[in-house]
Amino acid sequence: MKTLVIGANGFVGRSFCRVLGPEHEVIVGARAQGEGRGRSQYVDLLQPSSIAAALAHVQPDVIINCAGVMTADGTATNTAMTGNLLHEVLKSGRDLHSVVVCGSASVYGSVEPDELPVHESNQLRAVSVYGRDKVGEECIGRLYRYSFGIPVVTARIFNPIGAGMPGRQLLPSICRQLQQWKAGRRERLEVTRLDAARDYFSAVDVARGLAALAYGQPREFAYNIGSGKRTSNGALLQRLFTLAGLDCAPPVRQSSSTPQLPLASQAATQAINSEFGWTPEAALDDSILEVLDETVR
C-alpha cells in the first residue's frame, strides 16, 4: 500500500521509514521543501492547503501521522494538527485503508501501582500540558472514526529508545554526561530520580507496531505499544554502565528529593498481541548501544 508518513524526519517517523521502507511504497511527508530521503512530499499540518495538496498528489492508501510537538502553553497543538489532517482527509473523499496517529502513554497520567500494567480501558488522567493535548487529539480521532467513518487508530506509544531520539530525553542526556565524566569534565552524573520508572523498548519495535496497525484491520481505536516491562531509571543506568564497559560506575546524584507521581510505567500489550501477534523483538541493549555510540560520535 502507498503510505504517506507525516513527520518522517522525527525520531519515530525515521524509525518507521528505516524499518518498513524497503517493504512498502513509503512517501516521506516533510515540512521543508526538499527535506527527507527518497520520494518526498511537502506537508505542514498547520497549513490545511498543504495537506489537501499532498493528498491529491500522493493519493495514499495509508497515512501514518508521526508529526508532533511537545506542547506548551501558547504553542501549536497536536490536537489542532491532527484535526487539520482528518478534516482534509474527510474533504478529499478518499477511501483510505487506515490513518494511524502516533499517540502517547502520557494520556494515562497518574496511574497507581495496582493499575499496572495499564490497559487501554484505563481512565485517562493526563496531568501534563502535553498529555492533555494528546487526550484532545484522541477525542478528535474518535470523532472522525465513529461519526464520519474515517479509519483512525491511535498507537499509545510508551518509551522508545534508539538512534536519533531527542537529546532532551533521559538516555541521551545520561550518555552525554557519561562522556563528560570520562573526559574529566564533570564529577558526577545527574538524574531527577533513580526510582522513577518507565516502559523502555526499541524504536524498531515501535515501527513494527505501527505497521501492524496500519496494514492490518484494527478492531479498536487505541492500542498500547510498549515492552510490558517496568524499568527504573537506576536499572537503565546500570545497564548503560555495563554496556559501556566501565570498571567503576560514576557517582550519580538525584536532583529531586521528591518521588515522582506514579505514571504509566508498564504497558499491557495483550490487545495488539492478540489481534496482530505483535511482541517486542529487538534487544533493548542494542538500542541503548545505538544511543551511546551516537553520543560518542
Side-chain angles (χ1 to χ4, degrees), residues 9-12 14-15 18 68-72 104-106 108-113 116-118 126-131 157-206 225-267 280 282-297:
N9 292 303
F11 174 45
V12 172
R14 283 197 307 270
S15 297
R18 184 176 66 250
V69 293
M70 289 303 297
T71 321
S104 168
S106 65
Y108 292 115
S110 179
V111 176
E112 295 302 324
L116 296 174
V118 63
V127 293
S128 65
V129 174
Y130 175 72
I157 301 170
F158 278 65
N159 302 96
I161 61 175
M165 66 186 299
R168 66 179 176 274
Q169 294 184 358
L170 174 66
L171 186 58
S173 172
I174 290 297
C175 286
R176 288 195 303 273
Q177 293 183 52
L178 180 60
Q179 298 309 310
Q180 294 165 358
W181 176 80
K182 290 170 68 176
R185 298 200 302 271
R186 67 183 305 139
E187 294 181 357
R188 63 182 63 84
L189 278 56
E190 189 168 299
V191 62
T192 306
R193 293 285 303 185
L194 290 169
D195 56 0
R198 298 291 185 269
D199 188 326
Y200 295 109
F201 67 115
S202 172
V204 171
D205 285 320
V206 177
I225 302 182
S227 71
K229 298 177 182 178
R230 185 176 185 272
T231 302
S232 70
N233 290 340
L236 182 68
L237 263 61
Q238 290 304 315
R239 292 179 80 159
L240 172 62
F241 298 157
T242 299
L243 291 168
L246 298 180
D247 296 326
C248 177
V252 178
R253 175 183 176 272
Q254 295 186 111
S255 61
S256 175
S257 60
T258 305
Q260 292 184 1
L261 286 172
L263 299 174
S265 57
Q266 183 181 8
L284 183 62
D285 285 354
D286 290 345
S287 295
I288 295 173
L289 280 172
E290 284 182 3
V291 179
L292 180 61
D293 291 344
E294 191 173 54
T295 305
V296 171
R297 292 196 301 270

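Since the model is a prediction, treat every value here as computed from it, not as a measurement. Sequence positions, counted from 1, serve as the residue numbers for this chain.
In terms of modelled atom types and a separation under 3.5 Å, the side chain of E190 and the main chain of R253 share no donor-acceptor contact. Without hydrogens or angle criteria, Q254 side chain to L194 main chain gives a donor-acceptor distance under 3.5 Å. With T295 contributing its side chain and V291 its backbone, the two residues share a donor-acceptor pair below 3.5 Å. The main-chain N or O of D195 is never found under 3.5 Å from a side-chain atom of N233 such that the two would form a donor-acceptor pair. Within the 3.5 Å criterion, the main-chain N or O of D199 finds no donor-acceptor partner in the side chain of R230.
Under the 4.5 Å side-chain criterion, counting only non-hydrogen atoms from C-beta, D205 is not in contact with I225. Between P262 and V111, every side-chain heavy-atom pair lies at or beyond the 4.5 Å cut-off. Using a 4.5 Å cut-off on side-chain heavy atoms (C-beta onward), P250 and L178 make contact. Between V252 and W181, every side-chain heavy-atom pair lies at or beyond the 4.5 Å cut-off. Residues I161 and S202 are not in side-chain contact: their nearest non-hydrogen atoms beyond the backbone lie 4.5 Å or more apart. Within the 4.5 Å cutoff, the side chain of R186 has heavy atoms near those of the Q177 side chain. Annotation: side chain of Q179 is not in contact with side chain of R185 (no heavy-atom distance under 4.5 Å). With contacts defined as side-chain heavy-atom distances shorter than 4.5 Å, the pair F201/P160 qualifies.
Contact between L236 and T231 at its shortest, heavy atoms only, is N-CG2, 4.0 Å. Taking each heavy atom of G226 and F158 in turn, the nearest pair found is CA-CB, 4.3 Å. Of all non-hydrogen atoms in P251 and E187, the two that sit nearest each other are CG-O, 3.3 Å. Taking every heavy atom of both residues into account, S15 and A203 meet most closely at OG-CB, 3.4 Å. Here the closest heavy-atom approach between residue A264 and residue V118 is recorded as CB-CG1, 4.0 Å. Closest heavy-atom contact between L263 and L116: O-CD2, 4.2 Å.
Remark: L237 CG to L171 CG distance equals 8.5 Å, nearest 0.5 Å. Interatomic distance, I157 CD1 to S106 OG, rounded to the nearest 0.5 Å: 10.5 Å. We find the CZ-OG distance between R198 and S232 to be 11.0 Å, quoted to the nearest 0.5 Å. Between the SG atom of C248 and the CZ atom of F241 there is a distance of 10.0 Å, given to the nearest 0.5 Å. Taking CG from N159 and CE from M165, the interatomic distance works out to 8.5 Å, rounded to the nearest 0.5 Å. For the atom pair OG of S265 and CD of Q260, the computed distance is 10.5 Å after rounding to the nearest 0.5 Å.
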| task | I would like to know whether D285 and R239 meet salt bridge (Lys or Arg N to Asp or Glu O under 4.0 Å); could you show each step before the answer? | result | CA-CA 8 Å; D285 285 354; R239 292 179 80 159; 2.9 Å; yes

| field | Stepwise side chain to side chain donor-acceptor pair (under 3.5 Å) test for Q238 and T242 | value | CA-CA 6 Å; Q238 290 304 315; T242 299; 5.5 Å; no

| field | Derivation and outcome, side-chain contact (heavy atoms from CB on, under 4.5 Å), residues Y200 and S227 | value | CA-CA 7 Å; Y200 295 109; S227 71; over 6 Å; no

